[in-house]
Amino acid sequence: MPELPEVETIARTLRPELVGKTILEADVRWARTLAMPSAKKFREQIQGQVIQSVGRRAKFLNIQLTPLREPQGRAYHLLIHLRMSGDLVIKDGKIKAEKHDRLILTLAPFPSPHGRGVGVKETYLVFNDTRKFGRVWLTDNIEKVLGKLGPEPLSDDFTPQWLYNALVSRHRQLKPLLLDQTFIAGLGNIYTDEALHTAKLHPLKSSNSVTKRQAERLHDAIREVLREGIRRNGASIDRVYRGGDFQNHFRVYGRTGEKCPVCGTKIKRIVVGQRSTHFCPNCQRK
DNA sequence: CACGTCACCTGCGTGC
DNA sequence: TGCACGCAGGTGACGT
């Protein structure tokens with residue numbers, strides 16, 4: 001479901017709710033949600049951990065837990081990838097597990113490894129994932145999970161020059177290349193189509209045929225659409241409504257047959273690498 | 001290395 | 001109403 005702006009929005013929403021809380025227990029309701037470790041070890045290791053921070057790398061949520069040993073000890077990280085249909089919500093009071101809840105963490109409102117006190121209000125972090133594609137890792141070595149990712153498109157090391165060099169050093173169609181998380185990390189099907197349209201580049205154009213000027217345009221377009229997505233709190237499609245409204249501002253994604261907002265030409269849909277791809281045949285020439 | 005295909009899953013809208 | 005089909009914001013493992 002989510003791409004970089006949606007995951008960023010979730011991280012920002014969860015952060016003030018989670019930081020400082022203690023994880024009392026884990027209810028693993030679908031074992032394969034855990035990429036590592038086993039459900040048994042997961043429950044043992046996460047119990048009593050205090051949440052230090054809530055971050056994002058690419059489409060991964062990165063929840064840092066108590067350092068093992070002060071001050072240099074390694075810290076566990078809870079890494080969560082929502083894939084197509086995952087969602088994270090905070091609940092409190094008397095909750096009952098819903099149909100597609102895959103993992104439920106019980107939280108205490110302050111550092112209290114031994115848990116429950118009288119009158120202490122517990123909250124829950126619920127991972128709901130209809131299609132079961134989402135995955136959760138608990139590890140003290142995040143490089144093992146995140147190590148192959150390309151640069152963050154909103155970071156300083158993503159520059160026009162870097163993008164130009166990276167594009168021309170490969171022979172790939174632009175759309176699949178931008179979806180490749182080892183190339184750039186965080187773009188998905190929506191924001192890739194939006195960025196290519198904004199940059200006026202055809203999704204099937206070969207990366208090594210891009211000029212320096214076009215690479216600059218693409219660089220700026222990628223940042224622009226991601227920032228707009230974040231500003232609008234992401235896009236809300238499906239039944240999972242998260243309050244974002246970027247879906248009302250798509251230029252081409254999901255607008256097959258409608259008019260291009262720039263030139264009025266009918267937007268075309270093709271399939272590239274099994275993914276729906278939307279573009280303006282007039283603005284985006286090969 | 002680049003690209004195509006399938007697998008992993010569930011649910012929803014469409015058309016017969 | 002039932003049913004088949006296509007589609008969905010992602011990724012990884014294959015084969016050529």
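Quick caveat: nothing in here was measured; it's all calculated off a predicted structure. Protein chains get the first letters and strands the later ones, always in sequence-line order, with residue 1 at the start of each. Hydrogens, waters and symmetry mates are skipped; everything else that's a heavy atom, side chains included, is used.
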Exercise for review: Would you please confirm or rule out a distance under 4.0 Å between OP1 or OP2 of B:dC1 and any side-chain N or O of A:His171?
Suggested key: no
Practice item. Kindly compute the distance separating CZ (A:Arg15) from CD1 (A:Ile63), expressed to the nearest 0.5 Å. Key: 10.5 Å
Check your understanding: Looking at the side chain of A:Arg131, which of B:dA2, C:dT11, B:dT10 is the nearest nucleotide?
Key -> B:dT10
Practice item. Using Watson-Crick or G-U wobble geometry with both distances below 3.5 Å, tell me the partner of B:dC9, or none. Key: none
Check your understanding: What heavy-atom pair brings A:Cys280 and A:Thr265 nearest, and what distance separates the two atoms?
Key -> SG-CB, 4.0 Å
Exercise for review: Give the rounded distance in Å between these two atoms: NZ of A:Lys175 and C1' of B:dA2.
Suggested key: 18 Å
Practice item. Figure out the CZ/P separation between A:Arg275 and C:dG6, and round it to whole Å. Key: 18 Å
Check your understanding: For the pair made of CD1 in A:Ile237 and P in B:dG13, what is the distance, rounded to whole Å?
Key -> 14 Å
Exercise for review: Could you tell me the separation between the CD atom of A:Gln274 and the P atom of C:dG12, rounded to a whole number of Å?
Suggested key: 16 Å
Check your understanding: Ignoring hydrogens and geometry, is there a side-chain-to-backbone donor-acceptor pair from A:Gln64 to A:Val54 under 3.5 Å?
Key -> no
**Study point:** Gap in Å between the two P atoms, one belonging to C:dG6 and one to B:dT5, rounded
**Key:** 15 Å
Check your understanding: Strictly by modelled atom types, are A:His249 and A:Arg232 linked by a side-chain donor-acceptor pair under 3.5 Å?
Key -> yes
Point to revise | Short side-chain N/O contact to C:dT11 OP1/OP2 from A:Gln181, under 4.0 Å | key: yes
Practice item. Check the geometry between A:Phe133 and B:dC8 and answer yes if their rings are stacked (centres below 5.5 Å, planes below 30°), otherwise no. Key: yes
Exercise for review: Could you work out the separation of B:dC6 and C:dC5 based on their P atoms and round it to a whole Å?
Suggested key: 15 Å
Check your understanding: When only distance counts, do a donor and an acceptor, one from the side chain of A:Arg170 and one from the base of B:dA2, lie under 3.5 Å apart?
Key -> no
Review point. Can you tell me if A:Lys212 and A:Gln161 form a side-chain donor-acceptor pair at under 3.5 Å?
Key: yes
**Study point:** Spacing between A:Asn128 atom CG and B:dG11 atom C1', to the nearest angstrom
**Key:** 13 Å
Review point. Can you tell me how far P in C:dA13 sits from the matching atom in B:dC9, rounded to whole Å?
Key: 15 Å
Revision key, fill the gap. The residue, A:Gly273 or A:Arg269, whose nearest nucleotide of DNA chain C is more 5′ is A:Arg269
Practice item. Give the rounded distance in Å between these two atoms: CG of A:Asp129 and P of C:dG10. Key: 13 Å
Practice item. Using a 4.0 Å heavy-atom cut-off across all strands, classify A:Lys99 as base, sugar-phosphate, or nothing. Key: sugar-phosphate
Practice item. Could you check whether A:Arg32 gets within reach of a base, just the sugar-phosphate, or nothing at all, counting any heavy atom under 4.0 Å? Key: sugar-phosphate
Study note, to complete from the structure: Between CG of A:Leu178 and C1' of C:dT11 the distance, given in whole Å, is 16 Å
Practice item. Could you check how far NZ of A:Lys132 sits from P of B:dC9, rounded to whole Å? Key: 7 Å
Point to revise | OP1 or OP2 of C:dA8 under 4.0 Å from side-chain N/O of A:Ser85 | key: no
Check your understanding: Of all heavy-atom pairs between A:Gln52 and A:Leu65, which one has the smallest distance, and what is that distance?
Key -> CG-O, 3.3 Å
Practice item. Identify the nucleotide, in any strand shown, that forms a Watson-Crick or G-U wobble pair with C:dG2, with both distances under 3.5 Å; if there is none, say none. Key: B:dC16
